[in-house]
Amino acid sequence: MPITKLAEGQFSQVCARCNVERDVTFEALAQLRDEQTEDVRFLLPACAQCGSIEILIPRGSGADEHPAPGSYGHLHRLLVNELSARIQGGSSSAGSPQKDELMKWFPEGLVLRRLP
Ligand SMILES: [Zn+2]
């Protein structure tokens with residue numbers, strides 16, 4: 001399910017089953033809104049390649065302590081939390097502790113290299 005990139009109005013995600021990377025727009029997510037069961041979960045559109053459907057689940061505020069700062073898991077959580085903030089708020093979390101954390105770990109932009 002990893003999110004690999006976050007951009008204005010869309011993000012990139014890798015399918016957990018077939019490993020294909022694709023772009024998902026916030027609009028596509030919004031269209032699935034009726035099917036959302038909880039506010040904090042986001043149903044992703046089915047993978048065009050294999051049809052698998054995944055759910056994005058933000059955890060924590062992103063500003064709290066992570067056991068391994070800078071690790072893949074930590075950076076991925078930051079991306080997921082920022083994504084959820086943007087979807088819910090319609091804009092980025094500018095000015096928040098979460099934003100500071102993002103700037104610290106993603107100085108070159110919100111792109112997360114996939115694990116080898
Ligand atoms: Zn797939």
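Both counts, for ligands and for their atoms, begin at 1 and track the order of listing. Along the sequence shown, the residues carry numbers beginning at 1.
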Show me the side-chain donor-acceptor pairs of residues 47-57 shorter than 3.5 Å, one per line, residues at least two apart or across chains.
unit_1	atom_1	unit_2	atom_2	d
E54	OE1	M1	N	3.4
E54	OE2	Q13	NE2	3.2
E54	OE2	A16	N	3.1

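Only protein N, O or S atoms were scored, and 4 of them lie under 2.8 Å from the Zn ion (ligand 1).
Using a 4.5 Å cut-off on side-chain heavy atoms (C-beta onward), R22 and C15 make no contact.
For the pair G70 and L75, the tightest heavy-atom approach, listed with the atom from each and the gap, is O-CD1, 3.8 Å. Here the shortest heavy-atom pairing between F11 and L44 reads CZ-CD2, 3.7 Å.
Among residues two or more places apart in sequence or in another chain, the side-chain contact (heavy atoms from CB on, under 4.5 Å) test is passed with K104 by none. Residues satisfying the side-chain contact (heavy atoms from CB on, under 4.5 Å) test with P69, not counting sequence neighbours, are H74, W105.
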